[in-house]
Structure formats: C-alpha cells, structure tokens
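Because the structure is predicted, anything quoted here is derived from the model rather than measured. Atom set for the values below is all heavy atoms of this structure, side chains included, hydrogens, waters and symmetry mates excluded.
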Number of protein chains: 2
Amino acid sequence: MRLSDSIESFIKTLLSQEETEVELKRNELAEYFGCAPSQINYVLATRFTLDDGYVIESRRGGGGYIRIVRVVESGQQRLAYLINERIGSAISEEEAVRLIGQLVQQQVVSLQEGEIMRAAVSSQALAVPVPDAIKDALRARSLKSMLTAIARQNRSAAKG
Amino acid sequence: MRLSDSIESFIKTLLSQEETEVELKRNELAEYFGCAPSQINYVLATRFTLDDGYVIESRRGGGGYIRIVRVVESGQQRLAYLINERIGSAISEEEAVRLIGQLVQQQVVSLQEGEIMRAAVSSQALAVPVPDAIKDALRARSLKSMLTAIARQNRSAAKG
DNA sequence: TCGTTTCTGACTATCTTTGACCAATAACAT
DNA sequence: ATGTTATTGGTCAAAGATAGTCAGAAACGA
C-alpha cells in the first residue's frame with residue numbers, strides 16, 4: 001500500500017467514528033508516518049478536496065494545526081446534484097440566477113440567502129477586466145462554493 | 001492552547017459579564033501569564049482590533065492602564081461602514097473572512113449567511129488564472145455587493 | 001518506454017513570543 | 001514651578017514554531 005493511501009485511510013478512520021472533523025499537526029503526522037511533512041499536503045490536496053467533500057483549514061506558527069472537515073451528506077440531494085453535476089466548470093449569470101431562484105422556490109435557501117448568492121455572481125460583482133469565459137468559471141466556482149457551504153450548514157444543523 | 005489564546009479568553013471573559021469595558025495593568029497581566037509584557041500588546045493588536053469591534057485606550061506612567069472597550073453599533077451602521085469605508089476596492093481573503101466573522105458574531109447576519117459569503121469570497125471560489133490583485137478587487141466587489149443586498153433586505157424588512 | 005502519480009527537500013510564508021530600547025506620565029525633591 | 005527619577009505602557013526586530021509551495025526525482029502502470 002502506498003504511503004498516501006495509508007495516510008488517507010488514517011485520516012478517514014479518524015473521521016469515520018462519529019467525528020465530522022479532525023485536527024492534527026502536520027509535523028507530528030509526518031513523523032508518525034516517517035515521511036516529509038509536505039507529503040501530508042499532497043494527500044490533502046489529492047484526496048481531501050472540496051469536490052471530495054472536505055474543507056481544509058489550517059494555521060501556521062506556534063500551536064499551528066491542520067483541520068479537516070467532512071462536509072458532504074447524501075441527504076442534500078438537490079445541492080449535491082447542483083454542486084457535483086449541474087453547474088460544472090462555468091455558468092452564465094442568467095443560468096445562475098435561475099438555479100438560485102429554484103432553490104428559493106423550493107425553500108432550500110431563504111429569500112435573503114438567495115439575494116446574497118445572486119449578488120455574489122452578479123455581473124456587477126464580476127466587473128473586472130477579465131474575459132467572459134473566466135467570469136463564467138468564477139461564477140461556477142463561487143456558486144458551488146456557496147452551495148457547499150449551505151450543504152455543510154444543513155448537515156451540522158441536522159446533527160445539533 | 002496558545003498563550004495568546006489564553007490571554008484573549010481571559011480578557012473576553014472579563015468583558016462578557018455585562019461589562020462593556022475593562023481596565024487592566026499590562027505588567028500585572030504579563031506577570032499573571034508569565035510572559036513578556038509586549039505579549040499583551042500582541043494579543044490586543046491581533047484580537048482586539050476595531051474590525052473585531054474593540055477600541056483600546058491606554059496611559060503610561062504611575063497608575064497607568066490599558067482599557068479595552070467593546071463597541072456597539074447597529075447592524076445597518078456596521079454594514080454601511082463596511083461598504084462605504086472599510087472594504088474599499090480590494091480585500092484579501094483573510095480580511096474578508098475576519099469581517100464576515102464579526103458580522104456573524106454581532107448577529108448582523110446569520111451563521112449560514114456568513115458561511116455563504118465566506119464561500120463566495122474563498123480562494124477556492126476565485127481559483128481562476130488572474131493576478132492576485134484582481135482577485136482582491138473581485139472579492140471586494142463581491143462582498144460589497146452581498147452586503148448591499150443584505151442592507152437592502154434589512155431596510156425593506158423594517159418598512160414592510 | 002512514456003505518461004502519471006507519489007514523494008522529497010529546499011525555500012517561503014505566517015503566526016507567536018521575547019527582549020532591548022523608546023516614550024509618556026506621575027511622583028518627588030528642591 | 002521646575003527638574004529629576006520612578007513607573008508605566010509602546011515599538012520593532014529577531015528568534016522560534018508551524019504550515020505551504022513547487023520543481024524535480026522516484027515509483028508505478030499501461
């Protein structure tokens with residue numbers, strides 16, 4: 001078994017016992033596995049991405065840490081569909097507004113939350129000198145990122 | 001737990017019991033925590049800034065002191081300040097996250113709304129090939145756009 | 001073999017803590 | 001009143017403690 005796989009399972013084991021998040025020290029973990037600290041970053045970058053349903057938070061300096069939070073839950077099918085399939089890598093403002101409107105309609109998000117998301121992907125928000133293709137990509141990323149945050153919130157709200 | 005974190009909680013505990021301000025002696029506090037006096041300044045500078053909603057006053061010499069005052073503003077005032085003065089034309093992810101956290105703390109926006117905004121301005125959301133300077137500009141526009149949407153919602157909610 | 005994935009190490013970035021030196025104010029002596 | 005000294009707090013740069021990045025080597029799989 002590869003080192004990366006070992007580290008991946010190790011972290012997933014920590015996460016699977018009721019825990020939705022785990023905090024660790026990069027150097028300690030590297031020490032434990034007898035590898036370079038940067039190996040930990042590699043594992044996180046390749047197996048604990050947002051698309052995989054994880055969010056990584058970290059802090060440097062004394063008392064630094066890496067926190068891994070599992071965010072995807074199969075219950076939020078609509079959000080999961082939008083995030084993983086529907087939106088893709090680029091989306092126009094019109095499409096985005098339509099999808100957001102549907103979410104409000106279906107009461108997946110509140111009216112105000114819908115307004116916030118609309119604002120974030122509005123052409124006004126993206127009024128900087130970059131090609132339209134990049135704006136569409138930005139819109140897709142922004143939207144998916146927000147929807148993932150919502151899915152994560154719903155999940156922790158459901159838990160308590 | 002870090003020393004800074006301990007000192008921060010200590011001060012916040014003093015502030016949280018009905019008290020809107022607290023006065024202390026830098027040297028005594030440093031003595032109590034067994035650290036260099038300048039450590040106190042570090043904690044104040046990093047965790048009790050105006051952005052965090054605090055004002056620091058102090059005096060040197062015999063009977064000198066440091067006073068920490070928690071500032072109270074209405075949600076609309078806070079939003080207006082952020083939109084018109086604080087954010088400006090560019091903002092880093094770290095700063096944005098801090099400001100959003102403060103809004104949640106002050107209950108100007110809900111936790112979920114905060115998460116949505118965080119997601120919108122996250123580096124993951126902005127992971128497209130443009131210079132950092134443009135990302136910071138985008139972030140500022142996006143954030144102000146969202147905050148404006150919130151202010152507008154609040155206004156119409158107050159009226160109708 | 002060739003392209004992809006894994007792994008490492010040097011270099012960089014960030015956060016914390018300390019200590020030497022500076023500045024302001026109060027207390028005191030005259 | 002004025003000058004001197006004691007008593008505070010302020011600043012800043014350096015050291016220490018973590019984590020991040022990236023180019024290239026090594027291993028792997030087709």
Side-chain angles (χ1 to χ4, degrees), chain A residues 1-12 21-52 54-69, chain B residues 1-12 21-52 54-69 91-98 101 122-124 126-127 129 131-133 135-136:
Chain A
M1 199 183 208
R2 282 186 210 86
L3 218 200
S4 289
D5 293 339
S6 302
I7 298 173
E8 177 188 2
S9 340
F10 181 82
I11 294 172
K12 287 189 169 164
E21 64 179 78
V22 60
E23 193 172 300
L24 38 86
K25 309 282 245 175
R26 189 179 78 147
N27 288 353
E28 283 181 8
L29 194 56
E31 174 86 13
Y32 179 72
F33 281 100
C35 65
S38 55
Q39 177 68 18
I40 307 303
N41 296 84
Y42 175 74
V43 174
L44 295 178
T46 56
R47 292 145 156 89
F48 292 88
T49 66
L50 187 55
D51 286 349
D52 294 325
Y54 298 90
V55 170
I56 307 297
E57 300 161 22
S58 69
R59 237 183 133 157
R60 308 185 189 189
Y65 59 83
I66 294 178
R67 179 156 45 219
I68 301 151
V69 184
Chain B
M1 201 184 206
R2 289 184 204 84
L3 217 201
S4 291
D5 293 340
S6 302
I7 298 172
E8 177 189 2
S9 335
F10 181 82
I11 295 172
K12 286 191 169 163
E21 64 180 79
V22 60
E23 195 173 300
L24 36 84
K25 309 282 248 174
R26 189 178 80 147
N27 288 351
E28 283 181 10
L29 195 55
E31 174 85 14
Y32 178 72
F33 281 100
C35 66
S38 56
Q39 177 70 17
I40 307 302
N41 297 83
Y42 174 73
V43 173
L44 295 178
T46 56
R47 292 145 157 89
F48 293 88
T49 66
L50 191 53
D51 282 353
D52 295 323
Y54 298 91
V55 170
I56 307 296
E57 300 160 21
S58 68
R59 231 182 142 152
R60 310 183 189 189
Y65 59 84
I66 293 178
R67 179 156 45 217
I68 300 152
V69 183
I91 189 171
S92 70
E93 178 177 10
E94 294 71 31
E95 275 182 307
V97 164
R98 210 151 40 73
S122 70
S123 54
Q124 274 174 333
L126 298 175
D132 281 352
K135 289 185 187 178
D136 287 350

A.B. asks: Measuring from the side chain of Arg26(A) (C-beta onward, heavy atoms only), which nucleotide among dC12(D), dA19(D), dC7(C) has the closest atom?
C.D. replies: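 Taking heavy atoms from C-beta onward, the closest nucleotide is dA19(D).
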
A.B. asks: Tell me whether the guanidinium CZ or amine NZ of Lys12(A) lies under 6.0 angstrom from the six-membered ring centre of Phe48(A) and within 45° of its axis.
C.D. replies: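 Judged by the rule (NZ or CZ under 6.0 Å from the ring centre, within 45° of its axis), Lys12(A) counts as positioned above Phe48(A).
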
A.B. asks: Report the distance from atom CZ of Phe48(A) to atom P of dT6(C), rounded to the nearest whole Å.
C.D. replies: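 Nearest whole value for this atom pair: 13 Å.
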
A.B. asks: When we call it a touch if two heavy atoms are under 4.0 Å apart, what does Arg47(B) touch: a base, just sugar-phosphate, or nothing?
C.D. replies: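 The residue Arg47(B) makes sugar-phosphate contact but no base contact.
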
A.B. asks: Nearest-Å distance, OH (Tyr65(A)) to C1' (dG20(D))?
C.D. replies: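 The answer, rounded to whole Å, is 15 Å.
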
A.B. asks: State whether the number of non-hydrogen atoms from other residues, nucleotides or ligands found under 6.0 Å of Glu57(B) atom CD is greater than 12.
C.D. replies: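 Buried by this count: over 12 neighbours within 6.0 Å.
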
A.B. asks: Taking only N and O in the side chain of Arg60(B), is any of them less than 4.0 Å away from OP1 or OP2 of dA27(C)?
C.D. replies: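 No, no such contact exists.
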
A.B. asks: Answer with base, sugar-phosphate or nothing: what part of the nucleic acid does Gly64(A) contact at a heavy-atom distance below 4.0 Å?
C.D. replies: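 Result for Gly64(A) = sugar-phosphate.
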
A.B. asks: May I ask you to evaluate whether Arg2(B) reaches the phosphate of dT16(C), defined as a side-chain N or O under 4.0 Å from OP1 or OP2?
C.D. replies: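 Indeed, a polar side-chain atom of Arg2(B) lies that close.
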
A.B. asks: Take Thr46(A) and Pro37(A), find for each the nucleotide of DNA chain C with the closest heavy atom, and name the residue whose nucleotide sits nearer the 5' end.
C.D. replies: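 Looking at DNA chain C, the more 5' nearest nucleotide goes with Thr46(A).
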
A.B. asks: In whole Å, I'd like the distance from the CD atom of Glu93(B) to the C1' atom of dT14(C).
C.D. replies: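 Computing the Glu93(B):CD to dT14(C):C1' distance gives 14 Å.
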
A.B. asks: According to a strict under-4.0 Å criterion, is Ser4(B) in side-chain N/O contact with OP1 or OP2 of dT17(C)?
C.D. replies: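 Affirmative; the distance criterion is met.
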
A.B. asks: Any side-chain N or O of Tyr42(B) below 4.0 angstrom from OP1/OP2 of dT17(C)?
C.D. replies: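 It does not, given that no N or O in the side chain of Tyr42(B) lies less than 4.0 Å from OP1 or OP2 of dT17(C).
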
A.B. asks: Look at all strands and tell whether Ile40(A) reaches a base, only sugar-phosphate, or nothing, counting heavy atoms closer than 4.0 Å.
C.D. replies: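 It contacts nothing in the nucleic acid.
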
A.B. asks: Determine the contact category for Arg59(B): base if any of its heavy atoms lies under 4.0 Å from a base atom, sugar-phosphate if only primed atoms, P, OP1 or OP2 are that close, otherwise nothing.
C.D. replies: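 Counting heavy atoms under 4.0 Å across all strands, the contact made by Arg59(B) is with sugar-phosphate only.
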
A.B. asks: When you compare the side chain of Asn41(A) with that of Arg26(A), does any pair of heavy atoms fall below 4.5 Å?
C.D. replies: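 Yes, at least one pair of side-chain atoms sits under 4.5 Å.
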
A.B. asks: For the pair made of CE in Met1(B) and P in dT18(D), what is the distance, rounded to whole Å?
C.D. replies: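 Going from Met1(B) (CE) to dT18(D) (P), I get 16 Å.
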
A.B. asks: As a test of reading the structure: which of dT18(C), dT16(C), dG9(D) is closest to the side chain of Cys35(B), going by heavy atoms?
C.D. replies: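 Minimum distance to the Cys35(B) side chain belongs to dT18(C).
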
A.B. asks: With no hydrogens and no angle check, do the side chains of Thr49(B) and Asp52(B) hold a donor and an acceptor under 3.5 Å apart?
C.D. replies: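 There is such a pair (donor and acceptor under 3.5 Å, judged by atom type) between the side chains of Thr49(B) and Asp52(B).
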
A.B. asks: Calculate the interatomic distance between Ile66(B) atom CD1 and dA24(C) atom P; express it in whole Å.
C.D. replies: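 Answer to the nearest Å: 16 Å.
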
A.B. asks: Please give, in whole Å, the distance from dA17(D) P to Gln39(B) CD?
C.D. replies: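 Answer to the nearest Å: 14 Å.
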
A.B. asks: Using only side-chain N and O atoms of Ser38(A), determine if any of them is under 4.0 Å from OP1 or OP2 of dT21(D).
C.D. replies: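 So the side-chain polar atoms of Ser38(A) never come under 4.0 Å of the phosphate oxygens OP1 or OP2 of dT21(D).
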
A.B. asks: To the nearest angstrom, how far is Leu44(A) atom CG from dT6(C) atom P?
C.D. replies: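 It works out to 13 Å between those atoms.
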
A.B. asks: Tell me if the CD atom of Glu23(A) is crowded by more than 12 foreign heavy atoms within 6.0 Å.
C.D. replies: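 Enclosed: over 12 neighbouring heavy atoms sit under 6.0 Å from CD of Glu23(A).
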
A.B. asks: Mind calculating the distance between CG (Asn41(A)) and P (dT14(C)) to the nearest angstrom?
C.D. replies: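 From Asn41(A) CG to dT14(C) P: 15 Å.
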
A.B. asks: OP1 or OP2 of dT18(D) versus the side-chain N and O atoms of Lys25(A): is any pair under 4.0 Å?
C.D. replies: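 Yes, within the criterion.
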
A.B. asks: Under 4.0 Å, heavy atoms only, any strand: does Asn27(B) hit a base, just the sugar-phosphate, or nothing?
C.D. replies: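 Result for Asn27(B) = sugar-phosphate.
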
A.B. asks: Is there a side-chain contact between Glu8(A) and Thr46(A), using heavy atoms and a 4.5 Å cut-off?
C.D. replies: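 In short, these two side chains do not touch, never coming nearer than 4.5 Å.
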
